[in-house]
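One structure is given below, encoded as structure tokens.
Each residue takes its place number in the sequence, starting with 1.
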Amino acid sequence: MMAGNAKIEHLTVRNIVVPLDNPVWLGGAAISEREYCLVELTASGGLTGHALAFTRGADLTTIIAQHLAPIILQQPFEQVERLWESMYQGVRLNGRQGAYMRAISLVDIAIWDLKAKQNGIPLHRLLGGFNTSVPVLMAGGYYRADKGIDELCEEFGQYAEQGFRHLKLVVGGASMEEDLARFIAVRNSLPGQVELGVDANGAWNDPKAILRWMERANGETAGLSFIEEPLPPEQRADLAWLRNASPVPVAVGEFIAGKWTFLDYMREGCMDIVRADATLCGGITEWRKIAALANAWNLPLFPHYFSAIHFHLAMALPGSRMIEVVSTAGRNSSFGLIAGCSYEMKNGEAFSLGLPGLGLQPDMEFIQAHTTHERRIGT
């Protein structure tokens with residue numbers, strides 16, 4: 001265990017690009033590669049903290065190196081709340097959403113990794129230690145030119161055989177009629193005890209058409225467990241109308257940042273399930289505050305993707321229904337190749353490995369082979 005005044009002495013930030021074996025379509029957009037930002041903080045004494053997330057095309061490397069590193073270097077990392085406020089206020093003129101909040105999120109997560117490692121315990125124990133395990137949802141059904149209905153049903157059947165009791169189908173990349181046929185076929189191919197939701201990734205824009213789609217999906221099968229991001233996040237009035245009229249829960253939040261924004265969505269009745277993502281909403285520091293708001297509004301949490309990070313939050317605090325993983329087929333998800341995994345799976349549940357901090361295990365050979373540029377700052 002390090003002394004309580006240990007400071008952040010060095011920052012390394014890398015841009016990592018991993019090509020997919022086969023392109024996939026998500027929300028109508030083709031994806032041929034996954035781009036990540038990896039942050040490494042080194043404290044006095046040599047302790048390191050890491051964070052990894054999507055860039056979504058933003059130059060997070062430059063933002064972190066030029067705007068955030070001067071704020072956090074040579075500062076005690078246990079003062080995480082003060083560091084978060086300093087970063088947030090330091091870049092406040094550049095917006096409360098988007099790239100700058102993604103950058104703050106990554107640095108904040110790496111600081112929490114340091115903090116838990118300093119104490120020699122897994123992050124979920126430091127944050128609260130509420131659960132002993134957490135259910136895992138598998139997201140699949142990404143569009144590919146060679147994937148028809150039969151292949152889609154086979155894919156989801158394999159997930160069920162692997163023990164997943166919660167599944168999610170990607171929609172929004174085809175016509176609504178085609179997506180309805182995809183959902184009905186998959187739902188009818190699965191055992192009744194396996195739940196199936198859908199994720200439109202904000203690709204639809206007509207709330208009445210969406211409601212009709214949901215009513216048919218729910219009425220013509222064993223049931224639709226939830227619908228995620230059915231509309232773009234800026235259509236808040238439509239989200240509230242749909243949520244009020246919907247026969248199934250509406251999950252919203254993976255595109256938005258900051259506790260104030262989430263509070264507005266909750267007050268306006270835009271969400272049944274809170275999809276806060278610590279890698280873009282403001283990091284672990286802000287995610288915990290959003291979680292407290294969700295609990296106060298009696299809304300369950302379902303953090304977006306990045307299960308190696310969100311595992312610790314769902315384990316630590318009450319209110320999280322499950323965490324999410326994405327199929328690694330064709331390198332659609334490369335997080336594990338870059339940083340390993342912080343938990344083990346048993347029958348659709350995630351259990352702690354007991355590793356200190358986030359428990360990430362960066363593969364430096366893979367990282368170096370896929371790094372497009374990096375910045376190193378500090379002593």
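- Counting heavy atoms from C-beta outward, Pro356 and Leu123 have side chains that stay 4.5 Å or more apart.
- Hydrophobic clustering of Ile, Leu, Val, Met, Phe, Trp and Tyr side chains at less than 4.5 Å, counting indirect connections, keeps Leu127 apart from Leu353.
- In this structure, Arg125 places its CZ atom where only 12 or fewer heavy-atom neighbours from other residues, nucleotides or ligands lie under 6.0 Å away.
- For Arg182 and Tyr143, the positive end sits near the middle of the six-membered ring, less than 6.0 Å away and at most 45° from its axis.
- Across every non-hydrogen atom of Phe226 and Ala251, the tightest pair is CD1-CB, 4.4 Å.
- Looking only at side-chain heavy atoms (C-beta outward), Phe262 and Lys289 stay at 4.5 Å or farther from each other.
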- Message: Does His67 form a side-chain contact (heavy atoms from CB on, under 4.5 Å) with Tyr100? I'd like the steps, not just the answer.
- Response: CA-CA 9 Å; His67 298 281; Tyr100 279 81; 3.6 Å; yes
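- A pairwise comparison of heavy atoms in Leu224 and Ala217 identifies CD2-CB, 4.3 Å as the closest pair.
- Partner of Asn15 under the side-chain hydrogen bond (donor to acceptor under 3.5 Å, both in side chains) criterion, out of Thr62, Thr371, Thr372: Thr372 alone.
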Could you tabulate the donor-acceptor pairs under 3.5 Å formed by side-chain atoms of residues 296-307, not counting sequence neighbours?
| residue | atom | partner | partner atom | Å |
| --- | --- | --- | --- | --- |
| His304 | ND1 | Asp277 | OD2 | 2.7 |
| His304 | NE2 | Glu254 | OE2 | 3.3 |
| Tyr305 | OH | Ser333 | OG | 2.4 |
| Ser307 | OG | Tyr343 | OH | 2.7 |

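- Not a single donor-acceptor pair under 3.5 Å links the side chain of Ser320 to the backbone N or O of Met322.
- Both Val24 and Phe335 are part of a single hydrophobic cluster, where members link through side-chain heavy atoms under 4.5 Å apart.
- When side chains are defined from C-beta on, Leu169 counts as touching Leu152, because their heavy atoms get closer than 4.5 Å.
- The two residues Gly202 and Phe255 come nearest to each other via the heavy atoms N-CE1, 4.2 Å.
- With values rounded to the nearest 0.5 angstrom, Gln235 atom CD is found 9.0 Å from Asp206 atom CG.
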- Residue pair Thr55, Glu35: steps toward the side-chain hydrogen bond (donor to acceptor under 3.5 Å, both in side chains) verdict: CA-CA 6 Å; Thr55 68; Glu35 185 177 52; 2.5 Å; yes
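- In summary, the side chains of Glu374 and Thr61 do not present any donor paired with an acceptor at a separation below 3.5 Å, with no hydrogens or angles considered.
- With values rounded to the nearest 0.5 angstrom, Asn131 atom CG is found 12.0 Å from Ser352 atom OG.
- Without hydrogens or angle criteria, Trp204 side chain to Ile210 main chain gives no donor-acceptor distance under 3.5 Å.
- Grouping the Ile, Leu, Val, Met, Phe, Trp and Tyr side chains by contacts below 4.5 angstrom, directly or via other members, places Met271 apart from Ile273.
- Phe311 and Leu126 fall within a single hydrophobic cluster, where Ile, Leu, Val, Met, Phe, Trp and Tyr side chains are chained together by heavy-atom contacts under 4.5 Å.
- In this structure, Asn347 places its CG atom where only 12 or fewer heavy-atom neighbours from other residues, nucleotides or ligands lie under 6.0 Å away.
- Taking hydrophobic clusters as Ile, Leu, Val, Met, Phe, Trp and Tyr residues chained together by side-chain heavy-atom distances below 4.5 Å, Trp260 shares a cluster with Tyr265.
- Distance alone, capped at 3.5 Å, is enough to place a donor-acceptor pair between the Asp199 side chain and the Asn201 backbone.
- The two atoms that bring Glu220 and Ile184 nearest to each other are OE1-CD1, 3.4 Å, heavy atoms only.
- The two residues Pro122 and Ala116 have their closest heavy-atom pair at C-CB, 4.3 Å.
- Judged purely by atom type and a 3.5 angstrom limit, Ser246 has no side-chain atom pairing as donor or acceptor with the backbone of Arg243.
- Glu9 and Thr42 share no donor-acceptor pair across their side chains, judged by distance under 3.5 Å alone.
- Annotation for Ala278 and Leu313: closest pair CB-CD1, 3.9 Å, computed over non-hydrogen atoms.
- Checked by atom type and distance alone, the side chain of Asp113 never pairs as donor or acceptor with a backbone atom of Gly357 at under 3.5 Å.
- By the 4.5 Å heavy-atom criterion applied to side chains, Tyr159 and Leu190 are not counted as neighbours.
- A distance of 13.0 Å separates CG of Asp272 from CD of Glu228, quoted to the nearest 0.5 Å.
- Side-chain N/O atoms of Arg82 and Gln75 include a donor and acceptor closer than 3.5 Å.
- Side-chain contact between His312 and Ser342: present, with at least one pair of heavy atoms (C-beta onward) separated by less than 4.5 Å.
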- Item | Full working for side-chain contact (heavy atoms from CB on, under 4.5 Å) between Val250 and Val252 | CA-CA 6 Å; Val250 176; Val252 174; 3.7 Å; yes
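- Partner of Glu195 under the side-chain hydrogen bond (donor to acceptor under 3.5 Å, both in side chains) criterion, out of His166, Arg165, Arg187: His166 alone.
- Sorted by first and then second residue, the salt bridge (charged side-chain N to carboxylate O under 4.0 Å, His left out) pairs with a member in residues 330-344 read Glu344-Lys346; sequence neighbours excluded.
- To the nearest 0.5 Å, atom NE2 of residue His310 and atom CG of residue Leu358 are 10.5 Å apart.
- Below 30°, between 30° and 60°, or above 60°: for Tyr36 and Phe54 the angle between ring planes is between 30° and 60°, a tilted geometry.
- In Glu365, the CD atom is not crowded: 12 or fewer heavy atoms of neighbouring residues, nucleotides or ligands sit closer than 6.0 Å.
- Panel note: side chain Ser225, backbone Gly197; a donor-acceptor pair is recorded below 3.5 Å.
- By the 4.5 Å heavy-atom criterion applied to side chains, Glu324 and Arg275 are counted as neighbours.
- Under the 3.5 Å distance criterion, the side-chain polar atoms of Arg14 are left unmatched by any main-chain donor or acceptor of Val39.
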- Task: Check the pair Phe366 / Val18 against side-chain contact (heavy atoms from CB on, under 4.5 Å), numbers first and verdict last.
- Result: CA-CA 10 Å; Phe366 185 89; Val18 182; 3.9 Å; yes
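- Put simply, NZ on Lys259 and OG1 on Thr285 are 9.5 Å apart, with the number rounded to the nearest 0.5 Å.
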- Message: Working note: Trp287 + Leu317, criterion side-chain contact (heavy atoms from CB on, under 4.5 Å); need CA distance, chi angles, decisive distance, verdict.
- Response: CA-CA 11 Å; Trp287 195 98; Leu317 303 170; 3.9 Å; yes
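- Residues Leu60 and Val13 fail the side-chain proximity criterion, which asks for heavy atoms closer than 4.5 Å.
- Between the Lys117 side chain and the Thr48 main chain, a donor and an acceptor come within less than 3.5 Å of each other.
- In the model, Arg96 has a side-chain atom that pairs as donor or acceptor with a side-chain atom of Tyr88 under 3.5 Å.
- In this structure the side chain of Ile284 never reaches within 4.5 angstrom of the side chain of Trp84, judged on heavy atoms.
- Between the Glu151 side chain and the Gly148 main chain, a donor and an acceptor come within less than 3.5 Å of each other.
- One side chain, Ser133 or Glu349, offers a donor N or O that lies under 3.5 Å from an acceptor on the other.
- Once rounded to the nearest 0.5 Å, the distance linking OG1 of Thr261 with CZ of Arg236 reads 7.0 Å.
- Remark: the backbone N or O of Ala257 is paired with a side-chain donor or acceptor of Gln97 at under 3.5 angstrom.
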